[in-house]
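What's counted below: heavy atoms across the whole structure, side chains too, no hydrogens, waters or symmetry copies. Chain letters run A, B, ... following the sequence lines, proteins first, then strands; residues in each count from 1. Every value quoted in this text rests on a predicted model; they were computed, and no experiment measured them.
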Number of protein chains: 2
Amino acid sequence: MKKLNIKEFSSIIGVSTATVSRAFNASGRINEKTRRYIIEKAGELGYHANIHARNLSSPRSNIAGLFYPLLAGEQPDYFINEIQQGVQSALMDSGILLQVHPFPARADAELTLETYRTYVLSGGLGAMIIVAGSAESVELVKVAREAEVPYVVIGHMSGETRYTVSFDNGQGARLAGKFFVRTGRRFPAYIGGHLDKRKKLGFLEGLGEISDKLTIHSGGDAFIHGANAFRELRANRPETDCVLCANDVLAAGFIKAAQESGATIPEDIAVIGFDDLSFARYLTPALSSVSLKLNHIGLSAARQILKLLDGNDITPEFVECELIFRDSA
Amino acid sequence: MKKLNIKEFSSIIGVSTATVSRAFNASGRINEKTRRYIIEKAGELGYHANIHARNLSSPRSNIAGLFYPLLAGEQPDYFINEIQQGVQSALMDSGILLQVHPFPARADAELTLETYRTYVLSGGLGAMIIVAGSAESVELVKVAREAEVPYVVIGHMSGETRYTVSFDNGQGARLAGKFFVRTGRRFPAYIGGHLDKRKKLGFLEGLGEISDKLTIHSGGDAFIHGANAFRELRANRPETDCVLCANDVLAAGFIKAAQESGATIPEDIAVIGFDDLSFARYLTPALSSVSLKLNHIGLSAARQILKLLDGNDITPEFVECELIFRDSA
DNA sequence: TATATTTGCGTAATCGGTTACGCAAATATA
DNA sequence: TATATTTGCGTAACCGATTACGCAAATATA
């Protein structure tokens, strides 16, 4: 079945193209009966307004892009996943579609970034949600500004304070540190992938008096690195009695290795993870973790976008980290 | 800075619009020097061809949509996440963008579906990847056909054999059943959310001689339901010595409850999960699971799409389930 | 009833590209 | 050198919608 365009369709049902167009758009005056008739006929004959033509003549794009830095390694990225799901639920009934735009770190980034740049600047997106965390994120914000596309950034980004849903890793880490001193721990360790300064600093602050005892271990961000960290710690600094891991996957690896070696958690070593991904509670012992409320953050960011698209103003939002207590600390 | 359109841009740099257009498109004859000159100038002046106009005059869409049924409950959907990540890596350097289209089950589905329908039929998408598993998926395939958009479906869908990347849950479950009889288990149970016939049937087949002893428990698909299942089983059928769970989250819940009650796994009860999500190995004991190779499936599906978009033919692909042995069985 | 206002719709310009067609210049062939 | 072919580019007709403008009919106001 050949596809109808507006000219054919309108002439078949005996009205003008303008009227057909008005039937499908809120704008313009049209008799309610005519509108219903046209909509009905469109259903019968299978007429669907070409979306590109619409976008061309009256610029709009109901597509929002979610941009985020790709994790190194092949592990599935639960972090982003939880944000994405939050974003999606907020967008669900808004008529806004979601496009996902991962970008790799450094090496290939330039190419990918350039692709996105062109895409956005040529009008492909109506809104952008940018997850901070790499140099590329900053570039993307520039692109958003240049293209005059409404955007919000998730997380910390220097220089950007206007459109954000932010959280403070440092504050979260501080919570963990304080908890450790409060529960009488003496020899803390921090297991971090590619070092996140805020986390480390916050942790140090929270650790207060015992902060001079801190050991830092950094390898990668994956399960295996958590396990390695445990083994090295065991070998080089057996007195360690509490650790903060930069993410939950790392914590899972750490716990696993600890169990294999016979260490008990939290008695011998208390461990706290970061992000509070939903599998944290599946672990044994169930993992205590600094919750970033990722789902909530995603939701908020998307709602902000929705407001911007409605022409409303928004105020930056700050989401406080919360320490979720389970069994590992 | 006002945005340039092709007419302005071309007249500023002293060529015709046709030449500018040719510079950016593979089609058409153009002197290599002219092309380079134009591209350079475009960079300087910040000219970006309007994407809607391009799509209008020469129909193409470099957007692929990933459609999938939404999980009941608010849990993050790791299943889809792993597929999505596979899809993304395959699409990464292809220039094809990915849009995600979750659709809720039943209740609100009609509205959402209608939105997607209109969107696709009006030319919004260049390709569709449809995850089977609900009545809506079938509808979406119809939409794809009607809109003449290349598509591939992931999973089983009756009537659709041409464009698929499929797997057989039944085959996977059979593996689990066989393993249980081989290892001398006698009283099997199946923990399933909304019952998946194939899984149950396959499990029964694999169970062979001990299949008449099978108990079936079905509640929901979440962690809590797995835990509940354990408790009920313990109360009503304490002799149970092996279970297959319809997914890994369920299995995680089951294991957790088992540990709390003091039962040991796998000695007292062997448990096998389904999907082999990446957190399976984080659990204690590490969860044995029927792997669907979701990441691989996503990759394949996307590659099929790429082939179709290149005008090549594809042959349906079948991905065999594999039982991944870890510590829980 | 005469005039002013509103409503409903059609005509045609416009959005910003792509590309068929044709022509002149450059190159190849005889 | 004369002719045939190829190359490079410009002109203008599309692609399929939206919407400013204007007119006639319907309704409101005097």
Those residues that, when tested against A:His296, pass side-chain contact (heavy atoms from CB on, under 4.5 Å) (two or more places apart): A:Lys293, A:Ser300, A:Glu317, A:Val319

Identify, with sequence neighbours excluded, every residue that meets side-chain contact (heavy atoms from CB on, under 4.5 Å) alongside A:Asn55. A:Ile51, A:Arg60, B:His52

Name the first nucleotide and the last nucleotide along DNA chain C (5' to 3') that come under 4.0 Å of a heavy atom in chain A. C:dT7 to C:dG16

Sequence neighbours excluded, which residues qualify as salt bridge (Lys or Arg N to Asp or Glu O under 4.0 Å) partners of [X]?
| X | result |
| --- | --- |
| A:Lys142 | A:Glu139 |
| B:Glu44 | B:Lys41 |
| A:Arg54 | none |

Where along residues 52-64 of chain A does a heavy atom come under 4.0 Å from DNA chain C, residue by residue in number order? A:Leu56, A:Ser57

With a 4.0 Å limit, can you tell me whether A:Asn50 has a side-chain N or O closer than that to the phosphate oxygens OP1/OP2 of D:dG16? no

Determine all donor-acceptor pairs shorter than 3.5 Å in which one atom belongs to a side chain in residues 302-312 of chain A; sequence neighbours excluded.
| residue | atom | partner | partner atom | Å |
| --- | --- | --- | --- | --- |
| A:Gln304 | NE2 | A:Thr315 | O | 3.3 |

Tell me the interatomic distance from B:Ile6, atom CD1, to D:dA12, atom P, rounded to whole angstroms. 16 Å

Could you pull out all residues at least two apart from [X] that satisfy ring-ring contact (aromatic ring centres under 6.0 Å, His included)?
| X | value |
| --- | --- |
| B:Phe103 | none |
| A:Tyr151 | A:Tyr163 |
| A:Tyr119 | none |

Do B:Asn81 side-chain atoms and B:Asp77 backbone N/O form a donor-acceptor pair below 3.5 Å? no

Using the criterion of both pairing distances under 3.5 Å for Watson-Crick and G-U wobble pairs, give all stems of 3 or more consecutive pairs involving DNA chain D. C:1-30 with D:1-30

